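Input: a single structure, listed below in structure tokens.
A quick note: this is a predicted structure, and the numbers were derived from the prediction, not measured.
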Amino acid sequence: FFFVILLHAFVILGRRRETKFGMDAATILRARRGYILTGWASGPDTIMGLLWAVSVTYISGLDSHCGSFDGYSSGSNGEKCTPSADWADNTWVLLNGTRCLKESGVLKELRYSHDPSLPDCAEALAAYRSVTDYTCNCTGDHAYLAAGVRSANVFIIQNIVGSAVVAVLGPLIGSWIDFHPLKPVWILLVVIAAASMFGMAVIATGYVWVVATISAGVTLVASEMVTIPRSAYLDPIASPLPGSDETFNHNSARLGGKRIFASHFSQIIFVAIAIGPALFFSYQVSGIFVSISCAVWYSVFYGIVFQMFPSYAATRTAGSTTIYSQTLGSLWHSAVQMRKKHPEAMKYLMAVGFAQNGTANTLLTIVVSYTSVKLEFSAFNTYILYGVVLMMGLPWSIVYTYVSSRISFKKQWLLVLTFWIIFSILVPLTLRKPGKTTFLLSLVIGALVGAPGLTWFYSLSWPSFLSLIPEGHVAEYAGVFTFVRTVSSLIEPNIYVAVVQATGDLPLALLTVLPWTVCALVLFLFVDFTKGYEAAKEGCVSENSKPNQV
């Protein structure tokens, strides 16, 4: 209710100051600097969720209780689980605990089990419990939160819900902004995002972490919505200055590149700042630190950004139908037109839909769960891993600049997807046990496979689609692109959660991303970028030859 009232206050304020965007050079140049600064302001938010997830996964796991798994009891059903940090491996081995080793999963991985049918296992387990307070491992098969949810799935479920809300609200907010002054809505969304980041710091056992998890969901939605008004400002500020030889495409590409670089650099700095608390303090403290420091960073720098942008009036007038029905109708119309006039672009979207489930954001979300629970990475280990990936992203970006100028979009996609296929195979097959060797190997895989996969994927996905659509329909088809990309990426996380819930086998769950990437690679083979590019140019020429349609 408070935010609804606040929203209307911002809208009323915006209408009082409603003006057309000032076209003087000084205003535009200042706004361009502000646009680049948005990358610096929002960079930590991009990585903070992954760093925070390590803490909430561990803290939530401590609230788990023991239960039955695979048809047999833990031997301590109903009792609170034992933190994995309290496991005394030497004592366990001395008490003949190796008798409880059991092959499990598709990969036939040897894992400790509570299965009483294993010879001498029940006796070893009873002996270990007699000298320790062990019940069941908080990251093991027998540990469950309320409603039977595993702690490994908490962050992923929160992302699924948040992404679903984004898929529904994205088109609505995007259209709603067209009918209202831009800047007040942008400010409100930033306020909500920053406030929810502070809420993410409410991390503690006793299910207090649920508050932080809900806040993280709000942060995900609000921070995604923030990109909509930011992108809307690109149209006026990227327009050529009077009397210059600038072009819109060149300006938008240059501004976008500088914004991404600022974002990437700020992420590296933020991870470097966060490493200290992660090294010297607990999961709880490190999670609180990254949440609050990101909220402060986000608030301060966006406060500066807003001083650099002028007001911007509504660009559309509402018709007789609701804004949401207009939006959905527009999306449907755009999709139909794309299928008829630009079939290669439609093929591309289908391939991207599959790729979204086996690469980039989906794998990043899953890997947090995998490294925290399966590999028992500490917050410090995780921060180092992401720091290495970010640092290696810079040289890999330079390599991409060289490669992209020499091979076609199709070959670039095949190369990127090959990186992700290798990643999806290497991680579950080689990173299966906690330890220093596993951690070092994860750094190598992250630097040589994960980093190029991430940087090249984000560098390629939009420009290659842009080559398949006519210049006059970029904004129209961008809505379809965003909608498909968001909705399609909801599928694999649900599959991963289901496999983890049913089997507790994280390597098997991770392997479920592989078919998506392989299918995407096959689908890209059928996308004819040359034919699509020619059709897009013909469409542009055809439309510009009719003055009444310009």
Side-chain angles (χ1 to χ4, degrees), residues 48-69 73-88 114 129 132-162 194-221 274 277-295 365 368-374 376-383 497 500-501 504 506:
M48 182 271 288
L50 300 175
L51 305 180
W52 169 89
V54 182
S55 298
V56 81
T57 300
Y58 179 82
I59 297 297
S60 64
L62 298 180
D63 283 334
S64 299
H65 285 72
C66 302
S68 298
F69 171 76
S73 169
S74 67
S76 301
N77 281 12
E79 296 184 43
K80 201 165 186 178
C81 66
T82 304
S84 57
D86 293 345
W87 178 258
H114 288 204
R129 282 176 170 155
T132 66
D133 295 325
Y134 178 75
T135 54
C136 67
N137 197 314
C138 287
T139 58
D141 295 333
H142 291 274
Y144 300 93
L145 292 165
V149 177
R150 296 186 185 275
S151 62
N153 285 333
V154 169
F155 176 62
I156 300 175
I157 292 173
Q158 171 252 302
N159 262 271
I160 291 172
V161 175
S196 57
M197 288 177 198
F198 281 109
M200 291 173 67
V202 186
I203 304 175
T205 54
Y207 286 91
V208 174
W209 52 266
V210 172
V211 176
T213 304
I214 294 173
S215 297
V218 176
T219 299
L220 171 61
V221 174
L279 177 61
F280 296 108
F281 299 102
S282 65
Y283 282 95
Q284 183 181 27
V285 172
S286 58
I288 291 172
F289 177 82
V290 295
S291 303
I292 293 178
S293 57
C294 183
T365 303
V368 170
S369 164
Y370 190 88
T371 55
S372 300
V373 177
K374 179 65 179 176
E376 298 179 8
F377 278 11
S378 65
F380 176 74
N381 293 146
T382 305
Y383 292 10
V497 166
V500 171
Q501 280 295 127
L506 271 70

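Judged by distance alone, the side chain of Ser55 and the main-chain N or O of Tyr283 form a donor-acceptor pair under 3.5 Å. Ser196 contributes no side-chain N or O that, together with a main-chain N or O of Gly199, makes up a donor-acceptor pair within less than 3.5 Å.
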Could you walk me through whether Val285 and Phe280 pass the side chain to side chain contact (heavy atoms under 4.5 Å, CB included) test, one step at a time?
CA-CA 9 Å; Val285 172; Phe280 296 108; over 6 Å; no
Given the rule in the side chain to side chain contact (heavy atoms under 4.5 Å, CB included) test, do Ser286 and Tyr383 qualify, once you have shown the distances and angles that lead to the verdict?
CA-CA 10 Å; Ser286 58; Tyr383 292 10; 4.0 Å; yes
CA sep, side-chain torsions, deciding dist, call: Arg150, Tyr144, side chain to side chain contact (heavy atoms under 4.5 Å, CB included):
CA-CA 5 Å; Arg150 296 186 185 275; Tyr144 300 93; 3.3 Å; yes
For Trp87 and Thr82, run side chain to side chain contact (heavy atoms under 4.5 Å, CB included): C-alpha distance rounded to whole Å, both residues' side-chain angles, the deciding distance at 0.1 Å, then the answer.
CA-CA 8 Å; Trp87 178 258; Thr82 304; over 6 Å; no
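Between Ile59 and the options Val54, Val154, Thr205, a side-chain contact (heavy atoms from CB on, under 4.5 Å) holds for only Thr205.
When all heavy atoms of Phe289 and Ala274 are compared, the pair lying nearest together is CE2-CA, 3.9 Å. Counting all heavy atoms, side chain and backbone alike, Val290 lies closest to Met48 at O-CG, 3.5 Å. Minimum interatomic distance between Pro83 and Tyr58 (heavy atoms only, all atoms of both residues): CB-OH, 4.3 Å. Scanning all heavy atoms of the two residues, the minimum distance from Trp52 to Gly287 falls at CD1-O, 4.0 Å. Counting all heavy atoms, side chain and backbone alike, Asn137 lies closest to Ser84 at OD1-CB, 3.4 Å. For the residue pair Thr135 and Glu79, the shortest heavy atom distance occurs at CG2-OE1, 3.4 Å.
Two residues are said to be in side-chain contact when any heavy atoms from C-beta on lie closer than 4.5 Å; Cys294 and Met200 fail this criterion. The side-chain heavy atoms of Leu145 and Ser151, taken from C-beta on, include a pair separated by under 4.5 Å. Counting heavy atoms from C-beta on, the side chains of Ile157 and Val497 come closer than 4.5 Å.
Note that OG of Ser293 and CE of Met197 are 10.5 Å apart. Values are rounded to the nearest 0.5 Å. Rounding to the nearest 0.5 Å gives a distance of 10.5 Å between CD of Glu376 and SG of Cys138. Rounded to the nearest 0.5 Å, atoms CD1 (Ile160) and CG (Leu220) are 11.5 Å apart. Taking OG1 of Thr57 as the reference point, atom CH2 of Trp209 lies at 9.5 Å (rounded to 0.5 Å).
Asn153 and Ser369 share no side-chain donor-acceptor pair at under 3.5 Å. Side-chain contact, Ser60 with Asp63: no donor N or O sits under 3.5 Å from an acceptor N or O.
More than 12 heavy atoms of other residues, nucleotides or ligands sit less than 6.0 Å from atom CZ of Phe198.
With ring centers used as reference points, His142 lies 6.0 Å or more from Tyr134.
Taken together, Cys66 and Cys81 fail the criterion of an SG-SG distance shorter than 2.5 Å.
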